[in-house]
Structure formats: structure tokens, C-alpha cells
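Note sheet for the following structure.
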2 protein chains.
Amino acid sequence: MKQDYCYKHPRPSVTTDCVIFGYDQLQLKVLLIERGIEPYKGKWALPGGFVREDETTEQAAARELSEETGLKNIFFEQLYTFSNVDRDPRGRVITVTYFALVNIENFKPVAGDDAKNARWFPVKEIPKLAFDHEMIFRKALYRLKSKIKWQPVGVELLQDKFTLGELQSVYEAILEIKLDKRNFRKKILKTEVLIQLDEKQKNVAHKAAYLYKFDKKKYEQLENDGFYFEI
Amino acid sequence: MKQDYCYKHPRPSVTTDCVIFGYDQLQLKVLLIERGIEPYKGKWALPGGFVREDETTEQAAARELSEETGLKNIFFEQLYTFSNVDRDPRGRVITVTYFALVNIENFKPVAGDDAKNARWFPVKEIPKLAFDHEMIFRKALYRLKSKIKWQPVGVELLQDKFTLGELQSVYEAILEIKLDKRNFRKKILKTEVLIQLDEKQKNVAHKAAYLYKFDKKKYEQLENDGFYFEI
DNA sequence: ACAAAAGTGTTTGGAATACACCCATGC
DNA sequence: GCATGGGTGTATTCCAAACACTTTTGT
């Protein structure tokens with residue numbers, strides 16, 4: 001049974017789109033889905049969908065994220081709201097966008113729900129995207145680069161336990177520069193949000209590195225104390 | 001003649017709300033309007049309104065701003081999108097918010113359009129606000145404080161020509177701290193976005209200060225060169 | 001033994017901070 | 001002449017950046 005919702009004034013549709021970053025094989029990657037329906041059928045796009053009547057845009061983004069990646073409790077934050085009147089050929093659609101950092105190892109590929117094909121693309125090899133998603137993606141990348149300069153968000157892209165070398169590689173991939181090992185270690189340890197474990201790498205063909213984990217409580221405390229800025 | 005707009009799925013309304021900052025008598029102020037209609041009739045609120053079918057949220061914000069203050073071409077940027085399902089008693093309303101910096105001297109009070117009363121409130125004396133506008137206001141204030149640390153946006157609150165003393169007072173009002181005069185001047189002049197004019201204050205009971213103006217071109221150039229971060 | 005990444009300190013330059021006195025003007 | 005804000009320089013501290021060698025492990 002089909003029902004119509006009628007209003008006195010025209011209303012836009014509201015969607016959320018997510019820029020989901022991952023890190024793998026020394027590369028920063030983004031999760032894209034292949035559209036199964038028109039418009040832009042067969043084109044790659046950011047995962048997203050319509051905001052339901054009973055959920056906030058944050059909840060919608062979290063739901064999409066969990067549907068697309070099987071991941072919950074992920075770092076994500078609002079990016080920007082895009083509202084060009086002609087950004088969607090179906091009509092007036094305003095999209096509230098989010099960006100998220102996940103760790104690809106934990107990622108469980110979702111058996112093609114909506115018959116969609118999902119793939120991680122290195123940020124250097126993004127195909128042509130549907131809608132204005134290219135613009136959204138670029139804004140997210142810019143935000144990530146700015147943010148990482150102030151906040152130790154790089155850890156969200158790694159496993160729970162990681163080495164400082166791995167973390168440095170994340171930073172180098174995102175910022176596209178080489179960093180000095182000693183200075184990087186000094187700077188990242190001075191933030192005091194990393195905890196060194198009594199545990200080392202195994203089976204590596206070189207001196208085994210200590211593993212660290214992220215001290216989320218400490219981080220949130222510092223954040224509340226105004227230590228980091230929203231960016 | 002009344003017409004209805006019907007859709008297959010329910011749609012939220014979309015509004016914009018603006019946090020408009022001004023500076024006057026050594027105080028940072030915010031423009032609020034008194035609501036002339038329900039809900040929250042008689043309560044103070046941020047200026048805002050519905051986004052029309054043929055305009056972006058930016059255009060809607062600029063239009064509201066111009067309607068409320070008579071000002072055009074002023075500094076404003078997107079703040080955040082709020083979407084709690086119960087934030088508006090009239091139903092599902094998502095609001096895309098902006099914050100703006102204007103200079104109160106140029107502000108032309110608008111003869112009560114919509115029978116609304118508009119007033120500048122010092123940020124320290126904000127009354128209870130309608131909807132979730134308190135939260136929006138707090139976020140805007142936080143953003144302004146963060147932003148001013150990196151970007152010389154304080155100039156937007158002053159006249160075209162201003163003294164460094166006035167600019168320092170703006171910073172002190174926003175950050176709520178006293179600044180050292182010499183260090184402030186060094187820092188602000190080092191940004192090289194202020195131009196010293198061949199003109200001084202007149203009729204002041206002390207040594208007349210040089211007037212400066214903001215070098216908008218230079219600022220935009222630096223911004224494009226990635227000199228400042230989006231915040 | 002050698003390849004590969006881990007781990008570690010010191011020096012240097014630039015930026016932010018702290019700090020105090022004389023100057024021009026209107027009354 | 002005095003009250004008011006304008007204008008200026010230096011010393012110190014802190015942080016960021018540059019820079020090279022030894023250690024551990026697997027092959």
C-alpha cells in the first residue's frame with residue numbers, strides 16, 4: 001500500500017554521505033560503492049542514503065557505516081552540508097556529510113546488500129564519482145590533513161595494538177611527506193595518549209618494535225579540557 | 001490558492017539559523033530576534049528561516065542575514081547541522097547553521113519585518129533561547145574562539161579603518177583574556193594582512209593612533225596557499 | 001654477514017612570552 | 001599639567017627541526 005506525505009511547502013530530501021577512510025599497504029584508502037540503480041548507475045559513489053524520520057543525521061551516518069562496513073563505534077564526525085540545488089538529478093537533495101576513520105583489517109565486507117559492489121580505493125586513484133561526491137571527498141581529505149596535525153586521530157586507522165613505525169607511516173601517507181623518526185616519536189609521545197605495552201612485534205626480520213595502544217580515556221579527557229580544537 | 005506537495009516518503013523541513021556576532025562598546029554581542037509567532041512566541045531566538053526550493057543553504061543564510069541586518073557581503077561560514085528529531089515542536093526540522101561577523105556600526109536595524117523585535121545581546125548576557133539555539137550559540141562561540149587564534153577574522157567586526165588598539169580589544173573580548181600590547185602588534189603585523197594608512201585617529205584625548213585596513217586580497221591569497229586551516 | 005627496521009640525544013633557529021618607559025593629544 | 005591610550009625593543013623560554021649511529025632479529 002502506497003502512502004503519500006503531503007506538505008504546504010515543497011521540502012528537500014535529506015541524505016547523509018560518508019567518506020570512510022582506511023589504511024592498508026602503506027596507502028590511505030577510501031571506501032566507495034558501485035551504484036546499482038539510476039541515476040549514475042554503475043558509477044562509483046560515497047556510501048550514503050536517506051535520513052529516516054526517526055533518526056538524526058549522526059544516527060543515519062552510523063547506520064550507513066555499520067551497514068556498509070559491519071563496523072560500529074567508529075571514529076566519525078560531521079564534515080559539511082552540501083545543498084547545491086542541482087546536485088542530484090532526482091530533485092532537491094541536501095546531504096549532510098560525515099567522515100570516518102576505520103581500520104581495514106576489522107572491516108567485514110558486506111555481502112552485496114542492495115547488490116552493491118564495495119571497494120577500497122587508494123586516495124590517489126579515485127575514479128570519477130557520482131553526484132558532487134568528488135567535492136565531498138576532497139573536503140574530507142583536506143579536513144583529515146588539517147585534523148591530523150593537531151589531533152592524534154591517525155591511531156583510528158590502525159589495529160588496537162600498533163607500533164610507532166606503523167603510526168608514522170599513517171601520518172606520512174596522509175600528509176604525503178616524509179617525517180623524521182625521532183621528532184615524530186617525541187611529538188606523538190608527548191601527547192601522552194599512547195600507552196606502551198609489555199609486548200613486542202613477532203616474526204619480523206628486524207628488531208621487534210614495542211606495541212602501543214591508544215589511551216582513549218586520556219584523549220577524551222584532554223579534549224574536554226579544550227586541549228584540542230575542533231577542526 | 002493552496003497547493004500541496006506530496007512525496008512517497010516523509011521529508012524533514014530544512015531551515016538555516018545564523019549566529020551573527022557584532023562588537024560594540026568593548027563587548028562581543030549576538031543578534032537575537034524576538035519570536036512573533038508560536039512556537040516559542042515571545043522568546044528570543046537566532047535569526048533564521050526555511051530554505052527555499054531554489055536556493056542553497058548558503059544563499060538562504062545570506063538572504064536571512066540581509067533581511068535581518070540589511071548587510072550584504074559579510075563574512076560568514078557554515079557552522080554545523082543540527083538534526084535532533086525533537087528539536088522543533090512543529091515536527092521534523094533539520095537546521096543548517098552559519099555564523100557571521102558583522103560590524104554593528106554599519107548595521108541598519110530593520111523595521112520590524114515579521115513584527116519581530118531584534119536586539120544585540122552581549123554574549124555574557126544571553127537570555128533563554130528558543131529551540132536548541134542555546135547549543136547552536138555555544139558551538140558558534142567556541143568556533144569563533146578557535147578560529148581567531150589562527151585567522152585574523154577579528155577585523156570583520158570593526159569598521160573598514162581601525163586602530164590596532166581597537167583590534168586588540170576585539171581579541172580580548174572574544175578570548176576573554178588580556179593580551180600584551182607589544183606582542184599582539186608583532187603577531188598581527190607579521191601576518192601581513194593589515195595595511196597601515198597615512199591617516200590617524202582624530203579628536204581623541206591622547207596620542208592619535210594610525211588607522212589600518214584589512215588586506216582582503218592578501219588574506220585570500222594566503223588562504224589559497226593553505227596558510228590558514230579551515231576550522 | 002647482511003638486510004631491515006627499531007631505538008635513541010643533542011644542537012640550532014625561530015616563535016612566543018614577559019616586561020617598562022616615553023610620546024602625543026585633549027581637556 | 002595631567003590623564004589617556006599610542007608606540008616601541010630586548011632578554012628568556014619553549015618548541016620544532018635537523019641530524020647519525022647502534023641494536024636486534026630473521027634469513
Side-chain angles (χ1 to χ4, degrees), chain A residues 23 25-26 145-146 148-152 154 158-159 161-173 175-213 222 227-229, chain B residues 23 25-27 145-146 148-152 154 158-159 161-173 175-213 222 226-229:
Chain A
Y23 175 77
Q25 295 175 300
L26 301 178
K145 286 186 189 188
S146 306
I148 206 172
K149 285 180 192 151
W150 308 107
Q151 298 186 26
L158 294 169
Q159 304 277 62
K161 301 174 181 180
F162 52 85
T163 69
L164 294 184
E166 288 164 351
L167 187 57
Q168 183 177 339
S169 302
V170 167
Y171 277 71
E172 291 176 339
L175 296 173
E176 301 178 75
I177 50 171
K178 278 302 269 178
L179 296 170
D180 179 82
K181 204 200 318 185
R182 281 166 292 190
N183 292 338
F184 177 77
R185 294 166 81 95
K186 255 182 291 181
K187 181 169 173 169
I188 207 79
L189 290 175
K190 192 158 51 63
T191 63
E192 298 188 313
V193 294
L194 297 190
I195 301 170
Q196 185 178 353
L197 304 174
D198 283 332
E199 198 181 342
K200 292 190 176 185
Q201 281 181 310
K202 295 209 171 79
N203 305 317
V204 285
H206 53 78
K207 181 173 175 180
Y210 275 102
L211 294 174
Y212 287 78
K213 68 186 177 81
L222 289 172
F227 225 84
Y228 302 113
F229 303 119
Chain B
Y23 176 77
Q25 295 175 300
L26 300 178
Q27 288 182 309
K145 286 185 189 188
S146 305
I148 205 172
K149 285 179 192 153
W150 307 107
Q151 298 186 25
L158 294 169
Q159 303 276 60
K161 300 174 182 180
F162 51 86
T163 69
L164 294 183
E166 287 164 350
L167 187 57
Q168 183 177 341
S169 302
V170 167
Y171 277 71
E172 291 177 338
L175 296 172
E176 300 178 76
I177 49 171
K178 278 301 269 181
L179 296 170
D180 178 82
K181 203 198 324 183
R182 281 168 291 190
N183 293 338
F184 177 78
R185 295 166 82 93
K186 255 183 290 182
K187 182 169 176 172
I188 205 79
L189 290 174
K190 192 158 52 60
T191 64
E192 297 189 314
V193 293
L194 297 190
I195 300 169
Q196 184 176 354
L197 303 175
D198 283 331
E199 198 180 342
K200 293 189 177 185
Q201 282 179 309
K202 294 207 173 84
N203 306 317
V204 284
H206 53 77
K207 182 172 173 179
Y210 276 102
L211 294 174
Y212 287 78
K213 69 186 177 81
L222 289 173
F227 226 84
Y228 301 113
F229 305 117

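Throughout, protein chains are lettered first and strands after them, A, B, ... in sequence-line order, and every chain is numbered starting at 1.
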Check: For DNA chain D, which residues in residues 187-194 of chain B have a heavy atom at a distance below 4.0 Å?
Finding: none
Checklist line | Residues in side chain to side chain contact (heavy atoms under 4.5 Å, CB included) contact with B:Q196, at least two apart in sequence or another chain | finding: B:Y210, B:Y212
Next item on the list: On DNA chain C, check which nucleotide each of A:A205 and A:R185 is closest to and give me the residue with the more 5' one.
Entry: A:A205
Note to self: Going by ring-ring contact (aromatic ring centres under 6.0 Å, His included), name the residues that satisfy it together with B:F162, two or more places apart in sequence or in a different chain.
What the structure shows: none
Check: Who pairs with B:K145 by side-chain hydrogen bond (donor to acceptor under 3.5 Å, both in side chains), at least two apart in sequence or on another chain?
Finding: B:E176
Item checked: Residue list, side chain to side chain contact (heavy atoms under 4.5 Å, CB included) with B:A209, at least two apart or on another chain -> B:T163, B:Q201
Item checked: Test item: B:T191 side-chain N/O and B:K187 main-chain N/O as donor-acceptor pair under 3.5 Å -> no
Item checked: Under the salt bridge (Lys or Arg N to Asp or Glu O under 4.0 Å) test, residues paired with A:K161 that sit two or more places apart -> A:E199
Note to self: Enumerate the ring-ring contact (aromatic ring centres under 6.0 Å, His included) contacts for residues 186-209 of chain A, please, sequence neighbours excluded, ordered by first and then second residue.
What the structure shows: none
Checklist line | Terminal contacting nucleotides, 5' and 3', DNA chain D versus chain B (heavy atom, 4.0 Å) | finding: D:dA3 to D:dT10
Item checked: Span of DNA chain C, from the first to the last nucleotide whose atoms fall under 4.0 Å of chain A heavy atoms -> C:dA3 to C:dT10
Checklist line | Residues forming a side chain to side chain contact (heavy atoms under 4.5 Å, CB included) with A:K186, sequence neighbours excluded | finding: A:N183
Next item on the list: Please identify each residue that fulfils salt bridge (Lys or Arg N to Asp or Glu O under 4.0 Å) with A:K178, with sequence neighbours left out.
Entry: A:E172
Notebook entry, point to check: Taking for each residue the nucleotide of DNA chain C with the nearest heavy atom, is it B:K181 or A:K200 whose nucleotide lies nearer the 5' end?
Noted result: A:K200
Margin query: Quick check on DNA chain D: between B:A208 and B:N183, whose nearest nucleotide comes earlier from the 5' end?
Written below: B:A208
Notebook entry, point to check: In chain order, what residues pass the side chain to side chain contact (heavy atoms under 4.5 Å, CB included) check against B:F184, with sequence neighbours excluded?
Noted result: B:L167, B:Q168, B:Y171, B:L179, B:I188
